[in-house]
Amino acid sequence: SASPRGAGQAALSAIASVPTDPGLDADARGDVSLLARVLSGDEGTDAGVAADRKLGVATDVAVLGPFRDTGGGLHTPLGPEASGKFADAKVDYSWGSYLVRWRAVPARFSGAAGIPLDVFVHPRRESCSLVATRVTVDRDRPLVVRLAASGQAALYFDGALVGASEAVNELARFDRLAGRVDASAGDHLVVAKVCSAALDDDGRVRIRFTDAAGAPLPLPTSATLVDRPAKAPRVTPLETPLAHVSAQKAGAGSALTLA
């Protein structure tokens with residue numbers, strides 16, 4: 001008989017594959033598909049990486065951290081944020097006894113479950129890190145860049161702020177920030193900044209792309225970054241289902257931990 005994990009993965013996959021259902025919009029379908037991938041037995045394998053890429057997950061990323069968070073880290077420029085020079089892979093921001101250089105994350109660690117920052121950043125608690133990727137767009141097209149992250153988070157596309165959230169999310173299962181960009185053909189820089197508080201969180205980050213309608217957009221990504229362009233594009237922030245529910249819970253004075 002199937003294990004509870006296998007049965008759950010099969011059920012979520014079946015829901016995500018329903019051809020048309022007015023009660024299941026593209027965002028919710030994407031969340032369900034990602035959850036199914038997290039529960040799948042091949043997550044973290046070559047086959048799993050290929051399946052995650054089909055869902056638009058950026059599987060080739062680089063991590064830089066930890067940076068000391070002395071308060072306001074989410075809004076304070078860190079490392080290359082001040083200059084926009086992200087292409088220098090050898091730049092060194094080490095402090096104290098902590099080595100702070102760009103690290104390319106193996107694709108098997110960058111799947112639907114999100115990058116486990118604890119594997120690549122120490123100390124992660126009460127610090128901030130940058131997670132970045134170079135995405136290559138095949139033609140001029142609108143796209144949506146999305147971020148799932150625990151802790152506090154901000155997301156940028158070519159230097160333009162997609163969104164930021166100072167709420168401390170415990171988990172990173174669903175997209176919390178998203179924005180539409182009219183992207184030109186060529187290489188672009190996507191950067192997520194995540195900050196962890198004293199409270200424990202899952203320490204995971206996931207960047208992914210969809211088209212303007214919310215369907216997965218499997219674009220090539222790379223841990224070999226490009227510099228931030230001189231002119232930032234126009235970004236239209238979008239509310240994710242998680243952000244909508246979180247706002248309702250906050251208005252009702254309730255905490256949301258399943259994020």
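What you see is a predicted model; the values in this text were computed from it and never measured.
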#### Entry: Check against side chain to side chain contact (heavy atoms under 4.5 Å, CB included), L238 and V162
CA-CA 9 Å; L238 302 175; V162 175; over 6 Å; no
### Task
Calculate, to the nearest 0.5 Å, the distance between atoms CG and CD belonging to D27 and E239 respectively.
10.0 Å
### Query
Hey, does D140 have a side-chain heavy atom less than 4.5 Å from the side chain of S184?
yes
### Closest approach of A160 to P233 (non-hydrogen atoms, all atoms of both residues)
CB-O, 3.3 Å
### Message
I'd like to check F157 versus L143 (side-chain heavy atoms, cut-off strictly below 4.5 Å). Are they in contact?
### Response
yes
### Message
Are V57 and L39 connected into the same hydrophobic cluster when the rule is that any two of I, L, V, M, F, W, Y join if their side-chain heavy atoms are below 4.5 Å apart?
### Response
no
### Query
Does a side-chain heavy-atom distance below 4.5 Å link D211 with V144?
no
### Task
Indicate the ring-plane relationship of F109 and F120, choosing parallel, tilted or perpendicular according to the 30° and 60° boundaries.
perpendicular
### Query
Do V190 and L155 come close enough that some side-chain heavy atom pair is under 4.5 Å?
yes
### Message
Under 3.5 Å, is there a donor on one side chain and an acceptor on the other for S150 and R204?
### Response
no
### Task
Mind running salt bridge (Lys or Arg N to Asp or Glu O under 4.0 Å) on R37 and D42 for me, showing each step along the way?
CA-CA 8 Å; R37 286 293 316 134; D42 64 359; 3.0 Å; yes
### Task
State plainly whether the residues R146 and D31 are in salt-bridge range, i.e. N to O under 4.0 Å.
no
### Heavy-atom pair with the smallest gap, counting every atom of A223 and A62
O-CB, 3.8 Å
### Message
Do S165 and R176 pair up side chain to side chain, a donor and an acceptor below 3.5 Å, judged on atom types alone?
### Response
yes
### Message
Please report the interatomic distance CG(L225) to OG1(T133), rounded to the nearest 0.5 Å.
### Response
7.0 Å
#### Entry: Straight-line distance of S222 OG to D187 CG, nearest 0.5 Å
8.5 Å
#### Entry: Test item: V226 and F86 side chains (from C-beta on) under 4.5 Å apart, heavy atoms
no
### Summary
What one should report as the nearest heavy-atom pair of V191 and A132 is CG2-CB, 4.0 Å
### Message
Please evaluate residues T221 and R134 with respect to the criterion side chain to side chain contact (heavy atoms under 4.5 Å, CB included), reporting the C-alpha separation (whole Å), side-chain torsions for both, the decisive distance (0.1 Å), and the verdict.
### Response
CA-CA 5 Å; T221 56; R134 183 188 79 204; over 6 Å; no
### Query
Which distance, rounded to the nearest 0.5 Å, do you find between the CD1 of I207 and the CD1 of I115?
6.5 Å
### Task
Identify whether L217 and L147 are in the same connected component of the hydrophobic contact network (ILVMFWY, side-chain heavy atoms under 4.5 Å).
yes
### Query
For the residue pair S110 and V61, what are the closest heavy atoms and their distance?
OG-CG2, 3.9 Å
## Note on the structure
In short, A232 meets G159 closest at the heavy-atom pair CB-C, 4.2 Å
### Message
I'd like to know if L117 and L99 are part of one continuous hydrophobic network [Ile/Leu/Val/Met/Phe/Trp/Tyr, side-chain heavy atoms within less than 4.5 Å].
### Response
no
#### Entry: Closest non-hydrogen atom pair between P123 and P66, with its separation
O-CB, 3.2 Å
#### Entry: Intermediate values then yes/no, side chain to side chain contact (heavy atoms under 4.5 Å, CB included), V100 and F67
CA-CA 8 Å; V100 183; F67 291 96; 4.1 Å; yes
### Message
Measuring from atom CG of L177 to atom OH of Y156, what distance do you get when rounded to the nearest 0.5 angstrom?
### Response
10.5 Å
### Task
Show your working on salt bridge (Lys or Arg N to Asp or Glu O under 4.0 Å) between R53 and D60 and close with a plain yes or no.
CA-CA 10 Å; R53 285 174 177 158; D60 299 277; 3.2 Å; yes
### Query
For the atom pair CZ (R125) and SG (C195), what is the distance rounded to the nearest 0.5 Å?
15.0 Å
### Message
Would R124 and D201 count as a salt bridge (Lys or Arg N to Asp or Glu O under 4.0 Å) here? Give the steps.
### Response
CA-CA 10 Å; R124 183 182 63 82; D201 63 57; 2.8 Å; yes
### Message
I'd like to know if K193 pairs up with E81 as an ion pair, taking the criterion as any Lys NZ or Arg NE/NH1/NH2 lying under 4.0 Å from an Asp or Glu carboxylate oxygen.
### Response
yes
### Query
Does L64 share a hydrophobic cluster with V119, counting links as ILVMFWY side-chain heavy atoms below 4.5 Å and allowing steps through other members?
no
### Any side-chain heavy-atom pair of L34 and R173 under 4.5 Å
no
### Query
Any side-chain heavy-atom pair from V135 and L189 closer than 4.5 angstrom?
no
### Task
Might you work through the salt bridge (Lys or Arg N to Asp or Glu O under 4.0 Å) test for D175 and R206, ending with a clear yes or no?
CA-CA 8 Å; D175 295 332; R206 181 187 67 227; 3.1 Å; yes
### ILVMFWY cluster, L74 and V168 together (side-chain gap under 4.5 Å)
no
### Message
Taking the side chain as everything from C-beta on, heavy atoms only, tell me whether L130 gets closer than 4.5 Å to P80.
### Response
yes
### Message
Between V235 and R180, is the side chain to side chain contact (heavy atoms under 4.5 Å, CB included) condition met? List the steps.
### Response
CA-CA 6 Å; V235 174; R180 173 179 164 141; over 6 Å; no
### Matching residue for V63 among V131, V205, V194 - test: side-chain contact (heavy atoms from CB on, under 4.5 Å)
V131
